[in-house]
Amino acid sequence: MQAWQVHENGEPSEVMRLQDVERPTPGDGQVLLKVRAANINFPDVLMARGHYQVRPPLPFTPGVEICAETEDGRRVIATPALPYGGLAEYAVADAAALLPAPEALDDAEAAALHIGYQTGWFGLHRRAHLEAGETLLVHAAAGGVGSAAVQLGKAAGATVIGVVGGADKAAVARELGCDVVVDRRSEDVVSAVKDATGGRGADVIYDPVGGEAYTQSTKVVAFEGRIVVVGFASGTIPSPGLNHALVKNYAILGLHWGLYNTKNPKLVQHCHEQLTELAARGVVKPLVSERVPLDGAAAAVQRVADGVTTGRVVVVPARENGAAA
């Protein structure tokens with residue numbers, strides 16, 4: 001089979017190589033899956049660079065989120081068991097963690113429903129307890145993680161403010177349903193958010209960016225507001241001023257979704273049921289901006305690394321899956 005492999009750490013376009021390799025052999029409790037679609041996530045970028053909290057042994061195949069087919073023909077969503085990731089024709093996953101792919105979504109959309117939407121659901125509902133009528137601020141609202149949070153926020157009855165970088169991404173954020181869109185390249189984020197909220201600020205802030213975005217969040221978080229930290233796509237990990245959190249009376253909430261797979265897997269299943277229902281109702285639908293063939297995966301991962309994509313970029317390994325996905 002063909003699979004992308006990383007033999008040394010560095011930029012994805014430089015260290016990912018498409019190679020002919022043997023199909024992986026599942027271990028105890030694992031299954032072999034035929035990959036129908038693999039969604040590219042920022043952790044794929046970080047793993048290629050050697051900067052992620054999970055460091056699979058070299059060489060490894062990136063791809064942490066797939067829609068795949070089991071040997072008995074079931075269509076499932078899975079998080080592959082590294083080092084046999086999803087940017088390949090076949091991957092390996094833990095049998096107990098397989099989730100049924102929603103019938104309402106095609107292969108590429110189903111592949112993109114898992115990590116980003118689970119992260120959004122846990123961040124907004126489990127950690128921040130977002131309520132209808134509250135204001136949600138989403139950084140990088142046109143990106144893969146942000147777009148999921150926007151849709152979930154709207155589904156929860158929140159007023160959603162999306163922060164983006166550039167006019168094209170602003171248009172995408174509006175199409176996603178943001179009530180207010182702030183272009184950080186042409187507007188002052190802090191002033192714009194305060195104007196949009198009558199000076200009150202946002203009740204919940206969803207931050208996959210870190211760096212300057214986090215600093216802005218601390219200036220526009222409302223009384224009893226919650227800042228949910230889900231990642232550092234900017235490359236800069238902020239150092240919170242806890243005295244500031246005390247004086248302004250807000251909470252800083254960390255979210256590592258992967259921990260729920262071991263700490264509370266039943267809650268992951270419950271979340272998937274909620275997401276499947278929302279997808280069936282048409283309330284959430286992953287924004288797939290690009291579907292690329294397997295040989296274009298390295299360039300696609302690099303585009304995600306460079307922050308020039310919107311929504312999700314999904315790799316579709318087999319040509320026969322192209323029409324369906």
Side-chain angles (χ1 to χ4, degrees), residues 102 104-105 112-164 170 172-182 189-190 192-209 213 216-231 245 248-255 257 260 264 266-287 311:
L105 304 178
L113 184 75
H114 193 36
I115 296 176
Y117 280 84
Q118 287 257 347
T119 300
W121 189 90
F122 275 88
L124 298 181
H125 295 296
R126 183 76 178 181
R127 301 294 281 134
H129 301 289
L130 178 69
E131 297 181 2
E134 289 192 314
T135 297
L136 167 66
L137 170 64
V138 179
H139 289 287
V145 174
S147 61
V150 168
Q151 292 184 352
L152 290 169
K154 292 299 295 181
T159 297
V160 180
I161 301 173
V163 178
V164 299
V172 170
R174 292 188 187 94
E175 292 174 8
L176 285 166
C178 286
D179 299 282
V180 178
V181 178
V182 181
V189 173
V190 174
V193 173
K194 287 184 176 179
D195 288 346
T197 60
R200 184 176 176 278
D203 299 291
V204 175
I205 300 178
Y206 193 79
D207 181 15
V209 179
Q216 293 164 349
S217 298
T218 64
K219 296 178 180 179
V220 297
V221 63
F223 173 76
E224 291 193 328
R226 293 85 79 197
I227 300 175
V228 185
V229 179
V230 296
K248 285 194 69 176
N249 206 62
Y250 63 86
I252 304 165
L253 304 169
L255 174 63
W257 170 76
Y260 287 94
N264 195 343
K266 289 185 178 179
L267 198 54
V268 174
Q269 177 65 45
H270 171 70
C271 175
H272 182 65
E273 293 169 357
Q274 299 296 308
L275 294 175
T276 299
E277 180 182 347
L278 291 172
R281 289 164 42 199
V283 178
V284 302
K285 185 181 179 70
L287 172 63

Item to complete: Would you please name every residue forming a ring pair (Phe, Tyr, Trp, His ring centres under 6.0 Å) with H129, sequence neighbours left out?
Response: none
Worksheet item: Hey, does C178 have a side-chain heavy atom less than 4.5 Å from the side chain of V181?
Response: yes
Discussion item. Any non-hydrogen side-chain atom of V229 less than 4.5 Å from a side-chain atom of I252?
Written reply: yes
Worksheet item: Does a side-chain heavy-atom distance below 4.5 Å link L136 with L124?
Response: yes
Discussion item. Would you say that Y260 contacts R126 through its side chain, given a criterion of any heavy-atom pair below 4.5 Å between the two side chains?
Written reply: yes
Discussion item. For a ring pair (Phe, Tyr, Trp, His ring centres under 6.0 Å) check, start with the C-alpha distance between H114 and W257, then their side-chain angles and the critical distance, and finish with the verdict.
Written reply: CA-CA 11 Å; H114 193 36; W257 170 76; 5.2 Å; yes
Discussion item. Keeping R127 on the side-chain end and L255 on the backbone end, is there a donor-acceptor pair under 3.5 Å?
Written reply: no
Worksheet item: Under 3.5 Å, is there a donor-acceptor pair between the side chain of D179 and the main chain of V160?
Response: yes
Item to complete: Supply the atom-to-atom distance Q274 CD to Q118 CD, rounded to the nearest 0.5 angstrom.
Response: 10.5 Å
Worksheet item: Shortest non-hydrogen contact from A112 to Y117?
Response: O-CD1, 3.4 Å
Worksheet entry | Donor-acceptor contact below 3.5 Å, side chain Q151 vs main chain K285 | yes
Worksheet item: Quick one: are L137 and V193 in side-chain contact, heavy atoms under 4.5 Å?
Response: yes
Worksheet entry | Separation of L267 CG from H272 NE2 (nearest 0.5 Å) | 14.0 Å
Worksheet entry | Over all atoms of both residues, closest heavy-atom pair of V164 and A142 | CG1-N, 3.9 Å
Worksheet item: Between K248 and T218, is there a donor-acceptor pair closer than 3.5 Å when you use the side chain of the first and the backbone of the second?
Response: yes
Worksheet item: Taking the side chain as C-beta and beyond, is there a heavy-atom pair between T119 and Y206 under 4.5 Å?
Response: yes
Discussion item. Show me the pairs that pass side-chain hydrogen bond (donor to acceptor under 3.5 Å, both in side chains) and involve residues 219-229, at least two apart or across chains.
Written reply: E134-R226
Worksheet item: Are more than 12 heavy atoms from other residues, nucleotides or ligands located less than 6.0 Å from atom NZ of K194?
Response: no
Item to complete: Can you see which heavy atom on G116 is nearest to which on A148, and at what distance?
Response: O-CB, 3.8 Å
Item to complete: Can you see which heavy atom on A128 is nearest to which on V228, and at what distance?
Response: CB-CG2, 3.7 Å
Worksheet entry | Distance-minimising heavy-atom pair for Y250 and A222 | CB-O, 4.3 Å
Discussion item. Determine whether L113 and L105 satisfy the following criterion, side-chain contact (heavy atoms from CB on, under 4.5 Å), listing intermediate values before the conclusion.
Written reply: CA-CA 9 Å; L113 184 75; L105 304 178; 4.0 Å; yes
Discussion item. Measuring from atom CZ of R200 to atom OG1 of T135, what distance do you get when rounded to the nearest 0.5 angstrom?
Written reply: 6.5 Å
Worksheet item: Where is the tightest heavy-atom contact between A173 and A141, given as atom of each residue plus distance?
Response: CB-CB, 4.5 Å
Worksheet entry | Under 3.5 Å donor-acceptor, D203 side chain and G225 backbone | no
Worksheet item: Taking side chain as C-beta onward, heavy atoms only, is L287 less than 4.5 Å from L176?
Response: yes
Fill in: 4.5 Å side-chain heavy-atom contact, L152 and L278
yes
